Each structure stands twice: as structure tokens, then as C-alpha cells.
Amino acid sequence: MGMFIVIEGIDGAGKSTQTKLLAEWFEEKGHEVVLTKEPTDTAFGKLIRKLVLTGGKEGIIDGARISHEAEALLFAADRAEHVSKLIKPSIEAGKIVISDRYFYSSLAYQWARGLDLEWLIDLNRFAVRPDLVILLDLPVKESMKRINGRSIKTEFDKIVELQKKVRENYLKLAERFPEIRIVNALASVEDIHNDIVALVEHELFKK
Ligand SMILES: Nc1ncnc2c1ncn2[C@@H]1O[C@H](COP(=O)(O)OP(=O)(O)OP(=O)(O)O)[C@@H](O)[C@H]1O
Ligand SMILES: Cc1cn([C@H]2C[C@H](O)[C@@H](COP(=O)(O)O)O2)c(=O)[nH]c1=O
């Protein structure tokens with residue numbers, strides 16, 4: 001059997017940077033790696049980007065085009081395809097699956113949008129639990145600095161407030177889901193990578 005690792009965190013926490021470095025680390029050790037993300041690049045993921053996500057060319061700010069319930073259901077539908085078509089078969093084939101975001105994003109973000117946490121957990125019950133979830137934690141002020149170049153210039157305060165709620169939610173989720181490990185994402189890219197590798201070795205290879 002393979003392994004399933006997820007990297008989570010607020011927007012701009014460094015997830016894509018760290019998922020790539022972790023994938024390279026596993027590959028150098030001779031493992032076959034599947035690097036993936038949510039929302040996916042499938043038709044569901046594209047629909048989500050069109051109907052839900054903030055910013056972009058259309059300048060949609062707070063995902064208000066559809067209801068938050070519909071938004072949560074779309075993320076779950078995308079995930080259901082992701083799990084059944086890619087994640088489960090890859091784990092069964094002995095591969096290392098590393099995902100940039102997973103159902104914890106739905107819990108943290110859609111909860112921050114005002115949906116009921118227990119409803120969200122039930123909705124995502126089909127999602128196979130990862131072996132390890134790395135939560136890249138950093139203050140919103142720092143993440144905003146990092147993504148400033150691509151951030152939307154209007155409604156900045158609203159985005160900051162949402163991200164603050166999302167960060168708090170992730171930290172609360174870490175108390176509830178034992179597979180979540182918190183990593184300080186304020187450090188350098190290299191130090192964060194080393195912390196993640198130490199966790200992988202400790203948690204998964206029991207070094
Ligand atoms: N430890 C770090 N210190 C400083 N800058 C960083 C660090 N890690 C990543 N960055 C930079 O911060 C920006 C956001 O990083 P990245 O795209 O990896 O984050 P992300 O969590 O995947 O973002 P998003 O959720 O918005 O897709 C990039 O410009 C990246 O080069
Ligand atoms: C999976 C998932 C994602 N989101 C949100 C979180 C981010 O704001 C975007 C994805 O952007 P990225 O740059 O591709 O990381 O979508 C969410 O609200 N719920 C989810 O389940």
C-alpha cells in the first residue's frame with residue numbers, strides 16, 4: 001500500500017511550494033509520487049473556479065454567485081471524483097499521493113462562510129482519511145504580503161477577515177483530527193521543508 005499526505009493552510013501559506021519539494025524528496029528516495037490538488041483540474045474543478053472562487057478576471061469577490069451550501073456540495077463532488085479516480089487507485093498501487101488541499105479546506109473555509117461544521121464533516125465522510133496532514137500555519141498579515149502581487153486590490157479588509165477566520169478554524173480542526181500536524185510557516189522555505197521531512201520520517205516511517 002502507498003501513502004497519502006495532505007498539505008493545508010490559508011491562501012499563500014506556501015502549500016504549492018512545499019508540496020513540490022516534498023514530492024521531489026520522495027522521488028529522490030525512489031518512490032513513485034502522485035502530486036495533486038483541490039480544486040482539481042477536472043470539469044468539476046473548472047466549474048468551481050468559474051462559479052465560486054474569489055478574484056480572477058471576472059473579479060468575483062466573495063463567492064456570492066451561488067449559495068454557500070451549493071459551493072460546499074460542488075467542492076465535495078469534485079473531491080468524490082478525485083478520491084475514486086485518482087487518490088484511492090494510486091494508494092492501492094503503492095504510490096505516494098501528495099495533495100495540495102483536501103476536505104480540511106472545505107471544513108475550514110465553508111465553516112468560515114457560516115456553514116455548520118458537523119454538516120460539512122458528514123458531507124465529506126466518504127473521503128478516505130490521509131496518513132498525515134501538514135498544516136502550514138502563519139499569520140494572515142504575512143500570507144497577504146506573500147500573495148500581494150496576485151491579490152485583489154478591492155475588498156481587501158473582507159478577504160483578510162475571512163482568512164483570519166479560516167486560520168482559526170484550521171487550528172481548531174487540528175485539535176479534533178489527530179492526523180493534522182502544525183508546522184510554523186513563517187520560517188524559510190528550506191526550514192519548513194526540513195520540518196515537514198522530519199514529521200514524515202517520524203510519523204510515517206517511525207524513525
Ligand atoms: N517560506 C516562505 N517564505 C517566504 N515566501 C514564501 C515562502 N513559501 C512560499 N513563499 C512565496 O509565497 C507565495 C505563495 O506561496 P505558494 O504559492 O506556495 O502558496 P500557496 O499556499 O500554494 O498559495 P494559494 O493557496 O494561494 O495557492 C509565492 O510567491 C512563494 O514563492
Ligand atoms: C478545496 C477547497 C478550496 N477552497 C478554497 C480555498 C482557496 O481560497 C481556493 C483554492 O485556491 P488555490 O489557490 O487553488 O489553493 O478555494 C474552499 O473554499 N473549499 C475547498 O474545499
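Counting convention: from 1, in listed order, for ligands and their atoms alike. The model shown is predicted, which means the values in this text are computed figures rather than measured ones.
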Peer 1: Any chance the side chains of Ser106 and Arg101 put a donor and an acceptor closer than 3.5 Å?
Peer 2: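 Judged by distance alone, the side chains do not pair up.
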Peer 1: Answer yes or no: is there a donor N or O on one side and an acceptor on the other, between the side chain of Asp116 and the main chain of Trp119, under 3.5 Å?
Peer 2: yes
Peer 1: I'd like the name of whichever of Ile7, Asp191, Thr17, Leu138 reaches closest to atom 15 (O) of ligand 1 through any heavy atom.
Peer 2: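 Going through Ile7, Asp191, Thr17, Leu138 one by one, Thr17 has the nearest heavy atom to atom 15 (O) of ligand 1.
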Peer 1: Below 6.0 angstrom between ring centroids: does that apply to Tyr170 and Tyr104?
Peer 2: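 Aromatic pair excluded; centres sit 6.0 Å or further apart.
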Peer 1: For ligand 2, is there an N or O atom under 3.5 Å from any N or O atom of Lys15?
Peer 2: no
Peer 1: Contact between Glu71 and ligand 2, counting heavy atoms under 4.0 Å?
Peer 2: no
Peer 1: Roughly how far apart are Arg146 CZ and Asp11 CG, rounded to 0.5 Å?
Peer 2: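 So the CZ of Arg146 and the CG of Asp11 are separated by 12.5 Å.
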Peer 1: Side chains of Thr40 and Glu81: do they bring a donor and an acceptor to under 3.5 Å?
Peer 2: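 Distance-only check fails for Thr40 and Glu81.
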Peer 1: Between Glu38 and Arg79, does any side-chain N to carboxylate O distance fall below 4.0 Å?
Peer 2: yes
Peer 1: Apply salt bridge (charged side-chain N to carboxylate O under 4.0 Å, His left out) to Glu118 and list each qualifying residue two or more places apart in sequence or on a separate chain.
Peer 2: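 Only Arg176 meet the salt bridge (charged side-chain N to carboxylate O under 4.0 Å, His left out) criterion with Glu118.
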Peer 1: Do other residues, nucleotides or ligands put more than 12 heavy atoms under 6.0 Å from the CD atom of Glu32?
Peer 2: no
Peer 1: Would you say Leu21 and Phe26 are hydrophobically clustered, going by side-chain heavy atoms of ILVMFWY under 4.5 Å?
Peer 2: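 No, it is not one cluster - the side chains of Leu21 and Phe26 are not joined through contacts under 4.5 Å.
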Peer 1: Can you name the atoms of ligand 1, numbered from 1 with element, that are less than 4.0 Å from a heavy atom of Val189?
Peer 2: 1 (N), 2 (C), 7 (C), 8 (N)
Peer 1: Answer yes or no: does an N/O atom from Ala13 fall short of 3.5 Å to an N/O atom of ligand 1?
Peer 2: yes
Peer 1: Test your reading of the structure: does Ser106 have an N or O sitting under 3.5 Å from an N or O of ligand 2?
Peer 2: yes
Peer 1: Under 4.0 Å, heavy atoms only, figure out whether ligand 1 is touched by the backbone of Ile192, its side chain, both or neither.
Peer 2: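 Just the side chain.
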Peer 1: Would you confirm whether the ring centroid of Tyr102 sits within less than 6.0 angstrom of the ring centroid of Phe4?
Peer 2: yes
Peer 1: Does Gln110 form a side chain to side chain donor-acceptor pair (under 3.5 Å) with His68? I'd like the steps, not just the answer.
Peer 2: CA-CA 7 Å; Gln110 275 62 68; His68 295 318; over 6 Å; no
Peer 1: Of the listed options (Arg146, His193, Gln18), which comes nearest to atom 12 (O) of ligand 1 when hydrogens are ignored and any heavy atom counts?
Peer 2: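 It is Arg146 that holds the nearest heavy atom.
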Peer 1: If you measure every N or O of Ser16 against every N or O of ligand 1, does any of those distances drop under 3.5 Å?
Peer 2: yes
Peer 1: Evaluate the salt bridge (Lys or Arg N to Asp or Glu O under 4.0 Å) criterion for residues Glu142 and Lys145: first the C-alpha distance (whole Å), next the side-chain angles of each, then the deciding distance (0.1 Å), finally the verdict.
Peer 2: CA-CA 5 Å; Glu142 179 60 28; Lys145 263 195 244 159; 3.5 Å; yes
Peer 1: Just which atoms of ligand 2 are under 4.0 Å from any heavy atom in Asp11?
Peer 2: 7 (C), 8 (O)
Peer 1: Pull out every atom of ligand 1 sitting under 4.0 Å from any heavy atom of Arg101, numbered as shown with elements.
Peer 2: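 The list of qualifying atoms is 25 (O).
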Peer 1: Under 3.5 Å, N or O to N or O, is Gln110 touching ligand 2 that way?
Peer 2: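 Yes, since at least one N or O of Gln110 sits under 3.5 Å from an N or O of ligand 2.
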Peer 1: Report, in ascending order of atom number, the atoms of ligand 1 lying under 4.0 Å from any heavy atom of Ser188.
Peer 2: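 Near Ser188, meaning under 4.0 Å from one of its heavy atoms, ligand 1 has 1 (N).
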Peer 1: Of all the heavy atoms in Arg49, does at least one lie under 4.0 Å from an atom in ligand 2?
Peer 2: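 Heavy atoms of Arg49 do come under 4.0 Å of ligand 2.
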Peer 1: Hey, which atoms in ligand 2 end up nearer than 4.0 Å to a heavy atom of Glu38?
Peer 2: 1 (C)
Peer 1: Is Gly9 in contact with ligand 1, taking contact as a heavy-atom separation below 4.0 Å?
Peer 2: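 Gly9: no contact with ligand 1 (<4.0 Å).
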Peer 1: Answer with yes or no whether Ser143 contacts ligand 1, where contact means a heavy atom under 4.0 Å from a ligand atom.
Peer 2: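 No heavy atom of Ser143 comes that close to ligand 1.
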Peer 1: Would you say ligand 1 has an N or O under 3.5 Å from any N or O of Ala185?
Peer 2: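 The answer is no, given that Ala185 and ligand 1 share no N or O pair closer than 3.5 Å.
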Peer 1: What part of Lys37 sits under 4.0 Å from ligand 2 if we count only heavy atoms: the side chain, the backbone, both or neither?
Peer 2: neither
Peer 1: Is Glu161 salt-bridged to Lys158, cutoff N-O under 4.0 Å?
Peer 2: no
Peer 1: Hey, looking at atom 17 (C) of ligand 2, which of Phe103, Phe75, Trp111, Tyr102 has the closest heavy atom?
Peer 2: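 Residue with the shortest heavy-atom distance to the ligand atom: Phe75.
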Peer 1: Mind checking whether Arg101 has an N or O less than 3.5 Å away from an N or O of ligand 2?
Peer 2: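 Checking ligand 2 against Arg101, an N or O pair does fall under 3.5 Å apart.
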